[in-house]
Number of protein chains: 2
Amino acid sequence: MPKLDLAFAALADPTRRRIVARLARGRTRVTDLALPFEMSLNAVSKHIKVLERSGIVKRERLGREHYLQLHGSPLREVVQWVSRYERFWNEKLDSLEEFLANQPDEEQSS
Amino acid sequence: MPKLDLAFAALADPTRRRIVARLARGRTRVTDLALPFEMSLNAVSKHIKVLERSGIVKRERLGREHYLQLHGSPLREVVQWVSRYERFWNEKLDSLEEFLANQPDEEQSS
DNA sequence: GACATATTCAACCATTTAGTTGAATATAAA
DNA sequence: TTTATATTCAACTAAATGGTTGAATATGTC
């Protein structure tokens, strides 16, 4: 699967985004990382593997402990891809878009 | 499903990213949008619905034709979320990260 | 060696996803 | 009103996903 697919898919899960947020605060062992999650260690282990496959997380084995660390470059590519469309949220391209932008926008309330 | 989940998941598919790229060049009818894709019109119609559910695409019905248009705000939120971790690709946080960043990085070659 | 800890592997399950084909609906044109 | 066009809906399928439990592996400690 292409790199960008893996990165977007990895970030589509809230548990994995929490893992990213946690790792941004520093290197962490698998068990410690899993602690705050209301799911089995195995489930967290799978999420970590998804993040690893995308390149967002790197693993370093020290004895029986595995330390995980954030690796930014796939995140940079995600931002680079999406940023190409920045003008769609900065500019009013035509009157229709302006009209839509000023609507209550009910789909986005949740 | 939370908004951000839907936006990331929508962008995880290469067909849908092509649709976004196409819509960035202007409003398009469903049939015209589907033309370049090597899959059924129905499949493209489903992809459009995924993008719509995420708020990235808006639909405007004109008679029997449905015109599709890019809507930037979910993209902005994606960028905002990922950008929190910008320092992970701009800075060398410690010697280990620097070491990893300078490796051949084989996972990312595909 | 025996036990405990850290982590993954394997098998299973329910749900979602991405595609298909065929039928239905709505609008336009003849 | 008949026919063609634009699009979705419904049903199906195969594969992927996110979770579980139980067993395996590897390492550290007594």
Side-chain angles (χ1 to χ4, degrees), chain A residues 1-23 26-69 74 107 110, chain B residues 1-23 26-69 74 107 110:
Chain A
M1 186 140 55
K3 201 173 16 173
L4 211 45
D5 296 34
L6 292 172
F8 276 118
L11 296 174
D13 184 278
T15 298
R16 289 193 293 262
R17 288 201 306 277
R18 276 177 67 193
I19 291 177
V20 168
R22 174 66 184 82
L23 291 179
R27 242 162 119 258
T28 316
R29 292 190 318 147
V30 170
T31 311
D32 294 339
L33 187 64
L35 214 58
F37 292 92
E38 313 82 12
M39 68 182 67
S40 72
L41 174 62
N42 273 3
V44 175
S45 174
K46 277 190 178 185
H47 281 301
I48 292 167
K49 251 175 296 178
V50 172
L51 286 164
E52 255 190 306
R53 213 158 78 87
S54 78
I56 293 173
V57 161
K58 300 287 181 185
R59 181 188 304 257
E60 188 196 3
R61 273 159 246 251
L62 285 186
R64 63 184 162 178
E65 302 177 330
H66 297 202
Y67 284 89
L68 304 168
Q69 197 172 21
E107 294 93 328
S110 82
Chain B
M1 185 140 55
K3 201 173 15 173
L4 211 45
D5 296 34
L6 292 173
F8 275 117
L11 296 174
D13 183 278
T15 299
R16 288 193 291 263
R17 289 201 305 278
R18 279 177 66 194
I19 291 177
V20 168
R22 173 68 185 80
L23 291 180
R27 245 163 115 258
T28 317
R29 291 190 320 149
V30 171
T31 311
D32 293 340
L33 187 62
L35 213 58
F37 292 93
E38 314 81 13
M39 67 182 67
S40 71
L41 173 64
N42 273 4
V44 175
S45 174
K46 278 190 179 186
H47 281 300
I48 292 167
K49 252 175 295 178
V50 171
L51 286 163
E52 255 189 306
R53 212 157 79 87
S54 77
I56 293 173
V57 161
K58 299 288 182 183
R59 182 189 302 257
E60 187 196 3
R61 272 159 248 250
L62 285 187
R64 62 182 164 181
E65 301 177 329
H66 298 199
Y67 284 88
L68 304 168
Q69 197 173 19
E107 294 95 326
S110 81

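Chain A is the first sequence line, chain B the second, and so forth, proteins listed ahead of strands; every chain is numbered from 1.
The shortest distance between side-chain heavy atoms of Thr28(B) and Ile19(B) does not fall below 4.5 Å.
Rounded to whole angstrom, the span from the NZ atom of Lys49(A) across to the P atom of dA16(D) amounts to 16 Å. Residue Glu65(A) contributes atom CD, which lies 18 Å from atom P of dA4(C) at whole-angstrom precision. When the P atom of dT5(D) is taken as reference, atom NE2 of His66(B) falls 17 Å away, rounded to whole Å. Taking atom CG on Leu68(B) and atom P on dT8(D), their separation rounds to 8 Å, with Å as the unit. One can place CG of Leu33(B) at 11 Å from P of dT8(D), the figure rounded to the nearest angstrom. Here dG18(D) presents its C1' atom at 14 Å from CD1 of Ile48(A), a figure rounded to the nearest Å. One atom, CG of Leu62(A), and another, C1' of dT5(C), lie 16 Å apart when rounded to the nearest Å.
Scored by the salt bridge (charged side-chain N to carboxylate O under 4.0 Å, His left out) test, Arg29(A) finds Asp32(A), Glu65(A) as partners (sequence neighbours excluded).
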Only distances under 3.5 Å count here; give the side-chain donor-acceptor pairs of residues 7-16 of chain B to other protein atoms, sequence neighbours excluded, each with its distance to 0.1 Å.
unit_1: Asp13(B); atom_1: OD1; unit_2: Thr15(B); atom_2: N; d: 2.8
unit_1: Asp13(B); atom_1: OD1; unit_2: Arg16(B); atom_2: N; d: 3.2
unit_1: Arg16(B); atom_1: NE; unit_2: Ala10(B); atom_2: O; d: 2.7
unit_1: Arg16(B); atom_1: NH1; unit_2: His47(B); atom_2: ND1; d: 3.1
unit_1: Arg16(B); atom_1: NH2; unit_2: Ala9(B); atom_2: O; d: 3.2

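Applying salt bridge (Lys or Arg N to Asp or Glu O under 4.0 Å) to Glu52(B) and the options Lys46(B), Arg59(B), Lys58(B) leaves one that passes, Arg59(B).
Here the CZ-CG distance, from Arg17(B) to Leu51(B), works out to 11.0 Å after rounding to the nearest 0.5 Å.
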Note to self: Walk along nucleotides 13-26 of chain C from 5' to 3' and tag each nucleotide B, S or - by protein heavy-atom contact under 4.0 Å, base first, then sugar-phosphate.
What the structure shows: -----SBBBB----

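Closest of all the heavy-atom pairs between Glu38(A) and Pro36(A) is OE2-O, 3.6 Å.
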